[in-house]
Structures are given as C-alpha cells and as structure tokens.
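Here's the structure, in structure tokens; my notes come after.
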Amino acid sequence: MIQNRLRELRERNTGLSQGAFVTNNLCHMTRENYSLMEVGKVLPTAADMMIICEVHREPPLNIWQSDDIDLIRVDRAYRNQYGDGNMMRLPLASREKKSDGNPAMRIRVPPAEQAQLLEDIAALGYKDYREWHERMREVTHSKRIREAKRLQMGGKKE
C-alpha cells in the first residue's frame with residue numbers, strides 16, 4: 001500500500017468531499033481514480049502529481065513517501081534482476097504536445113484491437129495515430145455537413 005497524505009490534505013485544506021474536490025480542482029481526473037490514489041492503491045502520473053502538488057501547495061515528498069515514488073530505484077532493481085532487453089521505450093512523437101491546452105479524449109481499446117488499428121494506420125501511410133485521427137475527424141465533419149444539406153433540400157435520410 002502506498003503511503004500518502006492526500007486525504008489529510010484534502011480535508012484540512014478544502015474540507016471538500018472527494019467528488020467535490022476532484023470536480024473543483026482535478027477536472028481531468030475521475031473521482032474513482034483519485035479515490036484509488038488517496039487510499040494508496042495507485043500512484044498518479046507525473047502530470048497529475050504536479051497538479052496535485054500545485055493544488056495542495058506541497059512538494060511531492062510532503063505528500064508521498066520517497067520510497068513509493070522512487071521510480072529510478074525501482075527501474076534499477078528491475079534491470080538488475082531481469083536485464084533491460086525487454087524494455088520498451090515510447091518514441092518521442094507519442095509524448096509530444098501533452099500540454100497544448102486542449103482537453104484529452106481517451107477511449108479504452110482491447111490490446112489486440114489497438115495493435116491492429118496502429119498497424120492499419122501505419123499501412124495506410126499515416127505518420128501516427130494523431131494524424132489519422134485528425135483526418136477521420138475532418139471526414140466525419142464533412143459527412144455531417146453533406147447530410148444536413150441533403151436533408152435541407154428535402155432528401156430523405158438513408
């Protein structure tokens with residue numbers, strides 16, 4: 001179990017319930033995810049950790065125990081035990097533009113479907129998922145506009 005002071009700080013600094021705290025301060029996160037963090041079942045992402053620290057005006061080591069957030073130590077222990085031959089590094093392209101001011105949209109996709117989709121996207125010549133998604137958004141919008149015009153002219157929906 002991960003030791004932290006999230007509940008103590010939330011109650012002391014805001015007096016809000018978990019749901020109200022998340023809605024008012026962490027709108028990108030669900031109450032369920034925050035609850036798992038608060039009870040010590042999961043750690044936040046680095047971006048979420050920064051936001052939580054800003055909200056509470058506390059550095060990470062005043063909220064979490066250093067052993068629980070020492071990823072470098074865990075990485076070294078893993079490499080010592082298993083080597084690093086199976087380590088997967090995310091390409092920089094998939095990490096870019098995370099804080100461009102636009103809210104994130106996420107969907108859950110089974111691993112096999114995700115692998116197939118990414119393979120299909122690459123085979124069709126798209127640089128990455130983002131480029132494919134932008135094109136599909138444009139196509140969908142154009143179809144909607146064409147359908148609205150057709151219906152305005154008295155056409156029946158097919």
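Worth knowing before you read on, the calculation uses all heavy atoms, side chains too, and leaves out hydrogens, waters and symmetry mates. Quantities reported herein were computed from a predicted structural model and do not represent experimental measurements. We number each residue from 1, following the sequence as shown.
- Note: the hydrophobic cluster containing Met37 does not contain Met1 (ILVMFWY, side chain heavy atoms under 4.5 Å, direct or indirect links).
- How far CD of Gln3 is from OG of Ser66: 12.0 Å, rounded to the nearest 0.5 Å.
- With values rounded to the nearest 0.5 angstrom, Arg146 atom CZ is found 13.0 Å from Leu151 atom CG.
- Glu147 pairs with exactly one of Arg150, Lys149, Lys143 by the side-chain hydrogen bond (donor to acceptor under 3.5 Å, both in side chains) rule, that one being Arg150.
- Closest heavy-atom contact between Tyr126 and Met136: OH-CE, 3.8 Å.
- In terms of modelled atom types and a separation under 3.5 Å, the side chain of Glu119 and the main chain of Ala115 share no donor-acceptor contact.
- Partner of Glu38 under the side-chain hydrogen bond (donor to acceptor under 3.5 Å, both in side chains) criterion, out of Gln18, Arg31, Arg5, Arg7: Gln18 alone.
- Counting heavy-atom neighbours within 6.0 Å of Arg12 CZ, excluding the residue itself, gives a total above 12.
- One hydrophobic cluster, built from ILVMFWY side chains closer than 4.5 Å, cannot hold both Val39 and Tyr34; they sit in different ones.
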Without placing hydrogens or testing angles, list every side-chain donor-acceptor pair under 3.5 Å for residues 40-61, not counting sequence neighbours.
unit_1: Thr45; atom_1: OG1; unit_2: Asp48; atom_2: N; d: 3.1
unit_1: Thr45; atom_1: OG1; unit_2: Asp48; atom_2: OD2; d: 3.3
unit_1: Asp48; atom_1: OD1; unit_2: His28; atom_2: NE2; d: 2.6
unit_1: His56; atom_1: ND1; unit_2: Asn13; atom_2: ND2; d: 3.4
unit_1: Glu58; atom_1: OE1; unit_2: Asn62; atom_2: ND2; d: 3.0

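- In terms of modelled atom types and a separation under 3.5 Å, the side chain of Asp68 and the main chain of Trp64 share no donor-acceptor contact.
- The CD atom of Glu113 lies 11.5 Å from the CG atom of Asp120; values are rounded to the nearest 0.5 Å.
- When side chains are defined from C-beta on, Val22 does not count as touching Thr30, because their heavy atoms never get closer than 4.5 Å.
- Residue Tyr129 holds its OH atom at 9.5 Å from CD of Gln114, rounded to the nearest 0.5 Å.
- Separating the CE atom in Met29 from the OG atom in Ser35 is a distance of 11.5 Å, to the nearest 0.5 Å.
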